[in-house]
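Throughout, numbering of the chain's residues begins at 1 and tracks the sequence.
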Amino acid sequence: MNGSRSLLTTGAALKIGSRSWWPGAGIIFSRGLLGPVTPKRRSLGKSQAEARSPGWLGRAAGAVVCLIPPSRITHAPKACAPALPSEGRGPLAAGQADGMQPAARRVLIESLGLQEAGTGASGCRASGAPGVSSALPVQWRAPSCCPCTCGAPRGALPQQLQPPPRPREPRGGTARSRGAAMSRHPDRDGPLDGDTHQREMVPSKRSAVLVDGVILNGPTTDARAGEKFVEDACRLIMEEVVLKATDVSEKVCEWRPPEQLKQLLDLEMRDTGEPHHRLLELCQDVIRYSVKTNHPRFFNQLYAGLDYYSLVARFMTEALNPSVYTYEVSPVFLLVEEAVLKKMIEFIGWKEGDGIFNPGGSVSNMYAMNLARYKYCPDIKEKGLSGLPRLILFTSAECHYSMKKAASFLGIGTENVCFVETDGRGKMIPAELEKQIWQASKEGAAPFLVCATSGTTVLGAFDPLDEIADICEKHGLWLHVDASWGGSALMSRKHRKLLHGIHRADSVAWNPHKMLMAGIQCCALLVKDKSDLLKKCYSAKASYLFQQDKFYDVSYDTGDKSIQCSRRPDAFKFWMTWKALGTLGLEERVNRALALSRYLVEEIKKREGFKLLLEPEYANICFWYIPPSLREMKEGPEFWAKLNLVAPAIKERMMKKGSLMLGYQPHRGKVNFFRQVVISPQVSREDMDFLLDEIDLLGRDM
């Protein structure tokens with residue numbers, strides 16, 4: 001055989017020892033060992049194949065497969081008569097077997113039906129066409145009839161080529177059949193409804209065809225190998241992530257510099273795939289060098305901890321891989337989103353409303369800004385910005401930076417974002433807001449939006465919503481509340497007063513993936529309007545998705561009120577957690593986080609070397625650590641300059657040690673300080689004590 005692949009034409013025979021095999025039509029044949037392929041198991045290792053008794057032919061809906069050393073394959077003499085004239089041959093009937101190990105090339109050889117193979121199809125003892133050698137293990141699908149003179153019944157194998165009797169199934173059936181039986185409804189005796197239809201839907205095996213140089217013959221993935229990889233990877237995730245989530249003896253992170261980490265992870269992507277054992281090693285490395293955000297001592301961001309129910313929901317949605325835009329492709333998840341939005345709207349205090357889940361609070365804020373602009377000037381959707389007055393919006397000086405980004409993205413311009421001054425606790429001053437609105441109007445600008453914040457990122461401040469709502473009603477402005485961080489306090493009867501007046505807002509951003517731990521990302525934009533304003537603002541009426549003549553209620557096709565096409569079923573994570581814990585369980589989660597925050601505040605007040613920036617009203621505790629060398633120094637420029645270096649240095653030490661993670665930042669004229677945020681229910685009072693002890697241990701020599 002020349003090269004790694006050769007063509008056996010209809011005029012050639014396959015020589016194995018002293019025997020010949022006459023193919024019935026054109027077959028692509030590759031050099032190397034060939035492995036058996038069946039519908040149940042696409043490939044077997046060499047040892048498994050050789051373990052089979054030689055000389056059998058079995059009926060299967062699969063392909064003819066042989067196991068032949070390349071040294072034993074030769075071409076037949078040219079004098080051999082072809083089984084079918086070359087001009088009458090059908091498509092080439094073979095293909096490289098999928099899922100094979102690179103070390104031993106294996107090839108799939110598909111037997112052809114009579115219409116393609118002619119009267120000398122392999123396996124028939126027609127005159128001048130010897131059968132398959134008994135030393136050649138193969139699987140063969142018999143054609144529907146056999147017009148040759150071998151005497152075999154129509155559609156049957158010759159006597160000497162009959163497969164061995166199939167072993168009887170053990171009592172209870174195979175694992176697969178038992179699983180099928182378990183899935184049946186307990187009240188049904190007899191076959192399941194739809195079994196007949198299900199059998200009709202299973203496609204019959206066809207001969208391979210060659211299209212654009214690609215051989216098409218069944219699936220190209222090794223399902224069994226893939227299933228085993230998923231099983232092994234899930235076991236690894238369970239052992240290395242889930243079971244270690246609450247273990248404080250584990251490191252929060254295994255710090256490595258970027259260049260070193262690049263080498264450790266083997267990030268290069270190659271022309272050929274890597275074996276599964278190597279992929280599992282890579283998975284292990286990814287887990288090892290990733291930050292463990294579910295660790296009880298991860299306090300770095302406004303999300304943390306592990307919610308087991310949300311995690312299972314994420315596994316499910318990743319496996320199902322849905323996109324939430326139409327009911328026909330995502331019926332369950334659209335209904336779940338509707339139910340969750342309705343419940344969240346109730347907690348805001350609206351009687352009705354609308355909403356949508358988005359990939360992040362930043363996107364929710366952008367949605368709200370664009371929605372407010374559309375409400376102010378509906379023509380902008382079709383006519384664009386030309387001819388519009390100078391639009392201007394107002395937000396707190398402590399707002400999230402996404403407001404500035406949204407203004408830039410939407411063409412409003414960052415210079416048209418007016419930042420309203422805050423008091424010493426970080427709350428917007430209503431009198432300053434009204435003053436800026438009057439000033440902008442006097443200059444000829446067009447105010448259209450006020451964005452208040454419930455739970456600022458750094459200080460955890462809540463703007464006075466009732467007073468701000470009064471001003472918005474007076475000037476006819478859209479009021480949006482960014483409650484991405486603080487919205488979860490609505491679940492607590494004790495702490496919901498922090499958001500008093502939120503029911504007067506026109507739109508609200510709320511992220512359950514923060515304090516309610518629904519898993520990143522889980523972010524909702526909620527809108528009081530019930531006139532389909534979201535859909536009017538964002539719809540494009542794509543006719544290939546949102547046909548109006550569908551056989552079901554198309555009001556459930558909610559994708560046209562999103563700026564996205566593909567959209568993840570993020571509401572499902574929150575729904576699963578809510579179903580598991582109930583409203584009371586979510587309330588307890590909020591109350592416990594704020595109680596732990598209060599405990600930490602009291603401990604900071606007791607300890608030498610720790611100083612609060614301000615008395616917190618939420619879960620953000622901002623404080624300085626003052627090392628012994630600075631405790632006797634007067635507070636002046638030199639003191640603050642030196643203190644500014646302390647938090648970054650301690651952060652470096654804790655990261656390299658892996659003991660905990662805590663954020664720091666400068667803020668509005670104040671030098672670097674730590675911001676501790678309590679979220680996870682896995683956090684204990686002992687973890688609060690450890691936090692202060694560890695900071696003192698890492699910084700006392702500075």
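The number of heavy-atom neighbours closer than 6.0 Å to OH of Y556, taken from other residues, nucleotides and ligands shown, is 12 or below. Remark: E686 CD is packed, more than 12 non-hydrogen atoms of other residues, nucleotides or ligands lying under 6.0 Å away.
When all heavy atoms of L236 and Q284 are compared, the closest pair comes out as CD1-OE1, 3.0 Å. Of all the heavy atoms in A208 and I215, the pair that sits closest is CB-CG2, 4.0 Å. Residues V248 and P296 come closest through the heavy atom pair CG1-CG, 4.0 Å. Heavy atoms only, all atoms of each residue included: V329 and P331 are closest at C-CD, 3.6 Å. Smallest separation of non-hydrogen atoms from L306 and A245: CD2-CB, 3.6 Å. Of all non-hydrogen atoms in L516 and S488, the two that sit nearest each other are CG-OG, 3.4 Å.
Remark: P257 pairs with W255, Q260 by the side chain to side chain contact (heavy atoms under 4.5 Å, CB included) rule, at least two apart or across chains. Residues satisfying the salt bridge (charged side-chain N to carboxylate O under 4.0 Å, His left out) test with E250, not counting sequence neighbours, are none. Considering only residues two or more places apart in sequence or on other chains, E259 meets the salt bridge (charged side-chain N to carboxylate O under 4.0 Å, His left out) condition with K262. Take S402 and apply the side-chain hydrogen bond (donor to acceptor under 3.5 Å, both in side chains) test, not counting sequence neighbours, and it matches N365, H400. With sequence neighbours left out, the side chain to side chain contact (heavy atoms under 4.5 Å, CB included) criterion links C234 to V230. For K579, there are no salt bridge (charged side-chain N to carboxylate O under 4.0 Å, His left out) partners, not counting sequence neighbours. Every side chain to side chain contact (heavy atoms under 4.5 Å, CB included) that F315 has, sequence neighbours left out, goes to I237, L311. Residues meeting the salt bridge (charged side-chain N to carboxylate O under 4.0 Å, His left out) test with E281, sequence neighbours left out: R278. Under the side chain to side chain contact (heavy atoms under 4.5 Å, CB included) criterion, K651 pairs with N300, M654, M655, Y664, sequence neighbours left out.
Remark: side-chain polar atoms of K573 are paired, donor with acceptor, to backbone N or O of G519 under 3.5 angstrom. In this structure, K514 contributes its side chain and A304 its backbone to no donor-acceptor pair below 3.5 Å. Without hydrogens or angle criteria, S562 side chain to T558 main chain gives no donor-acceptor distance under 3.5 Å.
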Residue pair L302, S484: steps toward the side chain to side chain contact (heavy atoms under 4.5 Å, CB included) verdict: CA-CA 10 Å; L302 298 183; S484 297; over 6 Å; no
D307 and R589: CA distance, side-chain angles, deciding distance, salt bridge (Lys or Arg N to Asp or Glu O under 4.0 Å) verdict: CA-CA 11 Å; D307 180 84; R589 185 166 282 183; 3.1 Å; yes
Chi angles and distances behind the salt bridge (Lys or Arg N to Asp or Glu O under 4.0 Å) call for D247, K244: CA-CA 5 Å; D247 188 350; K244 293 181 178 180; over 6 Å; no
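Applying the salt bridge (Lys or Arg N to Asp or Glu O under 4.0 Å) test between E694 and each of K657, R653, R297 identifies K657 as the sole match.
Looking at D285 and R288, no side-chain N of the basic residue comes within less than 4.0 Å of a carboxylate O on the acidic one, giving no salt bridge. Between R256 and E254 there is a salt bridge, with a side-chain nitrogen of the basic residue lying less than 4.0 Å from a carboxylate oxygen of the acidic one.
Using a 4.5 Å heavy-atom cutoff, the side chains of V211 and V214 are not in contact. At least one side-chain heavy atom of V291 sits less than 4.5 Å from a side-chain heavy atom of M661. Between V683 and F299 the shortest side-chain heavy-atom distance falls below 4.5 Å. Side-chain contact between P681 and M517: present, with at least one pair of heavy atoms (C-beta onward) separated by less than 4.5 Å. Taking the side chain as every heavy atom from C-beta outward, V242 and Y308 approach each other to under 4.5 Å. Side-chain atoms of L586 and T577, non-hydrogen and from C-beta on, do get closer than 4.5 Å to each other.
Neither side chain, T246 nor Q682, offers a donor N or O lying under 3.5 Å from an acceptor on the other.
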Solution key, residues 317-325 side-chain donor-acceptor pairs under 3.5 Å, sequence neighbours excluded:
from	atom 1	to	atom 2	distance (Å)
T317	OG1	A313	O	3.2
T317	OG1	R314	O	3.1
E318	OE2	R568	NH1	3.3
E318	OE2	R568	NH2	2.5
S323	OG	R567	N	3.2

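Among residues at least two apart or in separate chains, ring pair (Phe, Tyr, Trp, His ring centres under 6.0 Å) pairs with a member in residues 264-286 are F229-H276. For residues 562-582, every residue pair satisfying the ring pair (Phe, Tyr, Trp, His ring centres under 6.0 Å) rule, not counting sequence neighbours, is listed here: F333-F572, F347-W578, F572-W575, F574-W578.
Y303 and H513 have perpendicular rings, their planes meeting at more than 60° on a 0 to 90° scale where under 30° would count as parallel.
In this structure, CZ in F357 is found 10.5 Å from CG in L525, a value given to the nearest 0.5 Å. Here the straight-line distance linking atom SG of C523 with atom CG of N511 works out to 3.5 Å at 0.5 Å rounding. L334 CG to T326 OG1: the interatomic distance, rounded to the nearest 0.5 Å, is 7.0 Å. If you take OH on Y309 and CE on M576, they are separated by 10.5 Å, rounding to the nearest 0.5 Å. Rounded to the nearest 0.5 angstrom, R235 CZ and E240 CD are separated by 12.5 Å. L341 CG to I356 CD1: the interatomic distance, rounded to the nearest 0.5 Å, is 8.5 Å.
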